[in-house]
Amino acid sequence: MALSGGVDRGSHSMDKSITLPPDEIFRNLENAKRFAIDIGGSLTKLAYYSTVQHKVAKVRSFDHSTKVSVQETDGDPLYEISVQEEITARLHFIKFENAYIETCLDFIKDHLVNTETKVIKATGGGAHKFKDLIEKKLKLKVDKEDEMTCLIKGCNFVLKNIPHEAFVYAKHADSEFRFQHTHPDIFPYLLINIGSGVSIVKVEAEDKFERIGGSSIGGGTFWGLGALLTKTKRFDELLQLASKGQHTNVDMLVKDIYGGAYGSLGLTGDLIASSFGKSATTDKEFSKEDMAKSLLHMISNDIGQLACLYAKLHNLTRVYFGGFFIRGHPVTMHTITYSINFFTKGEVQALFLRHEGYLGAIGAFLKGAEEDNPNQYSWGENYAGSSGLMSVSPELNPVQRARSGTFDMLEMDRLERQLVNLPLLQDPTSYIPDTVDLTEDVLAREYWLYCFEEALDGVVKRAIASQKDQPKAVERAEKFRQKYRHKLQTLRHQPLLSRRRMTWP
Amino acid sequence: MALSGGVDRGSHSMDKSITLPPDEIFRNLENAKRFAIDIGGSLTKLAYYSTVQHKVAKVRSFDHSTKVSVQETDGDPLYEISVQEEITARLHFIKFENAYIETCLDFIKDHLVNTETKVIKATGGGAHKFKDLIEKKLKLKVDKEDEMTCLIKGCNFVLKNIPHEAFVYAKHADSEFRFQHTHPDIFPYLLINIGSGVSIVKVEAEDKFERIGGSSIGGGTFWGLGALLTKTKRFDELLQLASKGQHTNVDMLVKDIYGGAYGSLGLTGDLIASSFGKSATTDKEFSKEDMAKSLLHMISNDIGQLACLYAKLHNLTRVYFGGFFIRGHPVTMHTITYSINFFTKGEVQALFLRHEGYLGAIGAFLKGAEEDNPNQYSWGENYAGSSGLMSVSPELNPVQRARSGTFPFDMLEMDRLERQLVNLPLLQDPTSYIPDTVDLTEDVLAREYWLYCFEEALDGVVKRAIASQKDQPKAVERAEKFRQKYRHKLQTLRHQPFAYGSLTVRSLLDTREHCLNEFNFPDPYSKIKQKENDMALKYYLKVVKSVEELSWEQRQFTLVKGLLAGNVFDWGAKAVSDVLESDPEFGFEQAKQQLQERPWLVDAYNQWIERLKGPPHKCALFFVDNSGIDIILGVFPFIRELLIRGTEVVLASNSGPALNDVTNSELQILTERIAAMDPVIHTALKEDRLALVQNGSSSPCLDLSRLDKVLATVVRERGTDLVIIEGMGRAIHTNYYAMLSCESLKLAVIKNSWLAERLGGKIFSVVFKYEVPSKAQG
């Protein structure tokens with residue numbers, strides 16, 4: 001099946017191809033159930049639940065029913081080792097461009113075995129648009145869930161279950177992303193969702209949230225005004241333009257009016273006095289890049305100020321930003337962060353989420369899975385099956401961006417038991433398990449990456465040796481080597497953009 | 001000098017011409033000093049101070065050093081009237097487009113006589129750009145003042161001195177502008193200044209303010225983005241485009257995403273979800289109008305939300321909007337108002353200012369005039385010299401707009417009042433006191449009637465003005481100019497009733513007085529008043545004697561009836577002036593017969609009599625009305641009885657002339673004369689139980705929140721416990737609903753059939769309102 005090319009939406013030609021075969025994206029479809037789909041303006045997020053057959057090494061004591069002392073069993077192995085199949089639960093989340101939706105639905109249909117599934121939970125603005133297509137293709141009834149409820153449910157879930165979910169963005173710091181240690185008590189917080197417009201939501205408890213504000217100046221405004229001003233119709237390209245522009249050519253700064261700072265009011269000369277102020281009275285042409293940058297600043301600053309004011313009014317210090325305007329775009333994360341710093345004088349930090357794009361899908365899935373009570377378990381991110389956070393800054397990493405393609409995956413394994421704090425921790429909120437943070441300690445990072453790559457051959461050898469009699473052990477060990485080496489390489493090239501806090505083993 | 005045409009600034013061609021000759025714009029330049037200039041992005045505001053020579057009618061008692069009784073002077077006038085020059089201070093503020101700046105500076109230079117002036121205070125973004133030009137042209141040193149300080153100073157000044165400065169804008173209401181009654185305490189407030197960017201300033205006291213926030217999305221953004229999107233370079237044209245557009249063609253609404261409302265979040269379907277959201281994914285062309293409208297909504301809503309959040313955070317409820325984005329543009333006032341309503345759910349109202357464009361210039365001027373201590377005086381808007389607020393909505397009034405140009409020149413003049421004005425201490429609630437009974441901006445029928453009525457009466461006023469100055473030069477010519485100016489004001493008010501704040505009978509009367517003064521008719525009724533006073537004095541003792549013979553009950557009724565009959569003599573009311581004009585012998589007794597029989601239209605006479613049977617009042621404050629029969633044969637016998645009862649009396653009369661109302665200086669002479677005849681009055685004056693004070697006004701109406709400070713002191717010191725307000729102007733057109741903290745009598749004869757009918761009566765109906773405040777309100 002060719003997932004790449006051939007799909008064209010008018011002027012938005014798809015110049016991307018997928019490097020992964022579809023069965024490595026939609027994994028375990030045979031065992032899939034409880035589908036949920038979140039269709040946004042440009043991206044679709046699919047969620048499902050599967051059971052995974054693992055090989056597990058089990059140890060079992062030999063039968064010592066005839067009482068003998070340990071000394072007497074000398075020479076015999078102490079216990080027996082057997083490899084067994086174990087079934088665990090896994091959550092799959094896959095993100096792809098809306099253009100692929102039909103192809104993906106076909107693939108799912110072809111591979112779906114489980115027939116108990118009758119319903120697919122759906123959310124997002126595009127849900128009603130694609131409703132008929134989904135019902136026709138999958139023969140599942142589309143069951144719409146409230147978008148905001150899903151978003152908040154998903155947000156609560158990732159904040160609770162993924163330790164390094166939230167991060168602070170710092171463009172010029174050593175490590176671009178500074179991950180936050182999730183506090184056991186995640187409430188209350190403010191979620192600023194910047195989609196086409198902006199929703200400002202105060203979340204006080206698992207099921208208690210309120211949209212306390214909003215603004216019509218959001219991602220759609222950047223996109224829409226940007227398209228009108230630059231004739232560039234693609235959101236990503238607009239961001240790319242913006243990252244190259246000089247806003248000072250278009251904006252009127254304080255110094256443009258007063259010749260310098262306006263000291264008595266505490267306004268520095270470089271402060272933007274009027275967005276697009278220069279285009280009001282100047283007849284010259286403005287570059288696309290400059291206009292896009294000015295627009296980006298205008299919108300980010302505005303949202304930043306609104307966020308601060310709502311945070312202050314409601315006395316909240318944790319402010320998370322999400323939505324497609326933010327989603328993995330360093331340019332917007334940077335301007336939002338700058339704006340929040342400016343307006344709160346550093347009192348509030350702008351926080352971003354690694355899996356922000358999945359929140360709606362996760363929430364919709366959780367709504368559908370309520371009978372399984374997924375909130376009673378603890379879940380852990382499966383690093384092998386998840387794509388991780390990518391820097392999609394066109395400026396910073398054009399190569400990596402092209403390679404990452406259009407599919408992004410998150411897999412979470414259900415842990416057999418609920419995990420909690422050691423009650424003896426002096427201060428659970430400040431407890432950090434890892435001694436060294438390799439995202440910040442460059443020397444240590446280089447050493448350990450080298451060290452783990454060096455040790456890889458030995459690990460592969462050991463793996464093969466452990467399953468001499470098992471089928472395809474060598475082949476599988478080779479796949480392991482490739483996958484792990486690839487992960488290490490990714491981490492080497494994008495130490496600052498890594499998908500999670502890199503730590504000493 | 002031709003100020004019109006010929007000035008071109010690149011693509012912004014000047015398609016306007018000025019209709020006024022420059023000497024009617026830059027008035028009194030001969031006496032001008034203390035210049036200040038505020039140069040904004042497109043408009044210049046000039047301020048200066050001048051002294052104005054007024055002709056004032058003065059009355060002076062003849063020298064009666066040889067003691068003779070009044071009877072003996074029969075035939076001689078009681079007092080002498082002379083027209084004198086008086087000098088008062090005036091503030092001039094003129095606004096014009098920057099394109100005219102050089103021409104205007106030349107004109108000023110040519111006409112500036114005063115050479116003491118060495119400095120011109122300057123503020124505004126353009127101040128440094130034009131500094132050299134100003135210094136070269138005017139030979140004055142440019143002294144820059146902080147922009148924000150000037151803005152706030154100016155804002156405080158207009159809020160304090162112009163009663164109907166602030167207004168609420170309501171596009172679809174009967175009256176587009178709803179004026180607010182300025183509270184005595186104007187602080188704290190929030191000022192949202194929308195210039196190129198937005199400044200959000202919290203003002204806590206005269207000299208205490210803080211810029212608590214701001215935004216780069218302001219007027220410059222509308223202009224700049226608008227120019228890029230529509231290729232329209234003029235701000236006004238952009239607004240015009242916006243007023244014709246449909247934002248829903250460009251914006252993504254909630255219903256565009258969800259097919260309807262998003263009920264669980266309380267979002268209606270028509271709410272804008274994403275400004276310009278449709279242009280993100282649609283390939284079609286968008287109309288200039290639609291894009292401009294969408295942009296306007298985006299910016300107004302954003303500012304509205306920020307304003308609300310800052311108001312909430314700082315617990316402020318008064319939020320004023322200004323800056324060029326707002327300045328007289330109904331389109332932006334409408335969207336801002338809508339936004340504020342939406343975000344505060346009606347808890348906060350967006351307030352706008354009539355003279356918003358002048359704040360910086362006023363503030364800069366005040367900075368320069370600090371040694372004159374302008375804040376110690378009260379100032380009043382001169383309706384004759386001020387342009388008034390115009391509706392510049394291109395949609396609403398294209399004709400008027402074209403005619404006036406886009407404000408090529410706009411003027412504000414404020415006269416310094418000789419005394420500081422304060423509240424009457426006896427107002428029950430100064431913050432809710434509204435002097436005017438009917439707001440003609442809201443009451444369409446009443447407005448039409450009164451505008452018609454004032455226009456009808458104009459001929460008579462002109463005639464009267466000419467007659468009052470038969471021997472004066474150019475009286476006919478000046479009277480004709482007065483007629484033109486006042487008629488023009490009336491016409492303006494017919495089309496734009498909000499031009500000077502709430503339109504009221506009082507403002508129509510005051511405007512007429514200002515226009516008369518403008519053309520040196522300071523007191524057209526002086527001679528008539530003189531004649532009437534002379535005549536009435538002759539009957540005084542007769543009236544007093546006839547009253548004294550009556551029983552107590554009869555006496556009280558006759559005194560009240562005399563008061564009312566006296567009030568029939570009123571040149572201000574057309575019906576009466578017609579009668580008086582044709583039959584000067586119309587007598588006091590005839591007037592009594594004209595009065596409505598009891599029960600009167602409003603009749604609290606019985607309660608009043610019951611009250612009089614009780615202990616005497618401590619002190620009565622009497623706001624008197626007309627000269628002649630009214631004051632002499634009506635008021636004096638009445639207060640004489642009060643004095644005899646043991647009540648002190650304070651007579652409050654106008655500081656300056658208005659119609660045939662008795663002025664303070666006339667009343668002093670009259671009182672002297674009466675005292676010479678009547679030992680009761682004589683003794684009362686000697687013992688200071690009868691006092692005369694001026695009310696601080698030159699209006700036939702009465703604003704109890706703007707009274708001479710001395711009056712307030714006297715009222716307080718004497719423990720005033722009764723307030724009597726007499727006449728249509730003071731007790732009906734104004735103060736009919738005024739709540740006082742002591743007993744009050746409001747009495748008048750309705751000498752206007754339309755008004756009488758409206759109140760449910762006929763012409764010469766009587767209003768006799770006696771009110772006692774409830775104890776609870778104490």
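Proteins come first, then strands; the chains are lettered A, B, ... in the order of their sequence lines, and each starts at number 1. These numbers come from a predicted model, not from an experiment.
Interface residue B:M252: only side-chain heavy atoms are found under 4.5 Å from chain A. For B:D146, the parts lying near chain A are the backbone and the side chain together; criterion is any non-hydrogen pair under 4.5 Å. Within the 4.5 angstrom heavy-atom criterion, only side-chain atoms of B:L267, from C-beta onward, approach chain A. Within the 4.5 angstrom heavy-atom criterion, no atom of B:F235 approaches chain A. Contact of B:Y262 with chain A is made through the side chain alone, with heavy-atom distances under 4.5 Å. Contact of A:F286 with chain B is made through the side chain alone, with heavy-atom distances under 4.5 Å. When heavy atoms are compared at a cutoff of 4.5 Å, B:S215 approaches chain A by way of both its backbone and its side chain.
For chain B, the option among A:V201, A:I257, A:L228 with the highest count of heavy-atom pairs below 4.5 Å is A:L228. The greatest number of non-hydrogen atom pairs below 4.5 Å with chain A, out of B:G126, B:G219, B:S216, B:G218, is found for B:S216. Options B:G213, B:G214, B:G259, B:G266 differ in how many heavy-atom pairs under 4.5 Å they form with chain A, and the most are formed by B:G214. Annotation: maximal heavy-atom pairing with chain A below 4.5 Å, among B:G197, B:S275, B:A227, B:G277, occurs at B:S275. When each of A:F222, A:F276, A:Y258 is checked for heavy-atom pairs under 4.5 Å with chain B, A:F276 comes out on top. With chain B as the partner, the residue from A:H297, A:K129, A:K312, A:E147 showing the most heavy-atom pairs under 4.5 Å is A:E147.
A:S294 and A:D251 form a side-chain donor-acceptor contact under 3.5 Å, judged by distance and modelled atom types alone. Side-chain contact check for A:Q305 and A:Y310: no donor-acceptor pair (N or O, by modelled atom type) lies under 3.5 Å. Under the 3.5 Å distance criterion, with hydrogens and angles disregarded, no donor-acceptor pair is assigned to the side chains of B:S196 and A:S274. For the residue pair B:T44 and B:N98, a side-chain donor N or O sits within less than 3.5 Å of a side-chain acceptor on the partner. Between the side chains of B:S199 and B:N193, no donor-acceptor pair is found at a separation under 3.5 Å.
Looking only at distances, no side-chain donor or acceptor of A:K144 sits under 3.5 Å from a matching main-chain atom of A:K131. Listed for the A:D302 side chain is no donor-acceptor partner under 3.5 Å among the backbone atoms of A:I299. Side chain of A:T232 to backbone of A:R234: no donor-acceptor contact under 3.5 angstrom is found. Put simply, the side chain of A:D290 never gets that close to the backbone of A:H247: no donor and acceptor are under 3.5 Å apart. Looking only at distances, no side-chain donor or acceptor of A:T282 sits under 3.5 Å from a matching main-chain atom of A:S279.
The nearest pair of heavy atoms linking B:T335 to B:N301 is O-OD1, 4.5 Å.
A:V198 has its side chain out of reach of A:I217: every pair of non-hydrogen atoms, C-beta onward, lies at least 4.5 Å apart.
Using non-hydrogen atoms only and a strict 4.5 Å limit, the part of residues 202-211 of chain B facing chain A consists of B:F209, B:R211.
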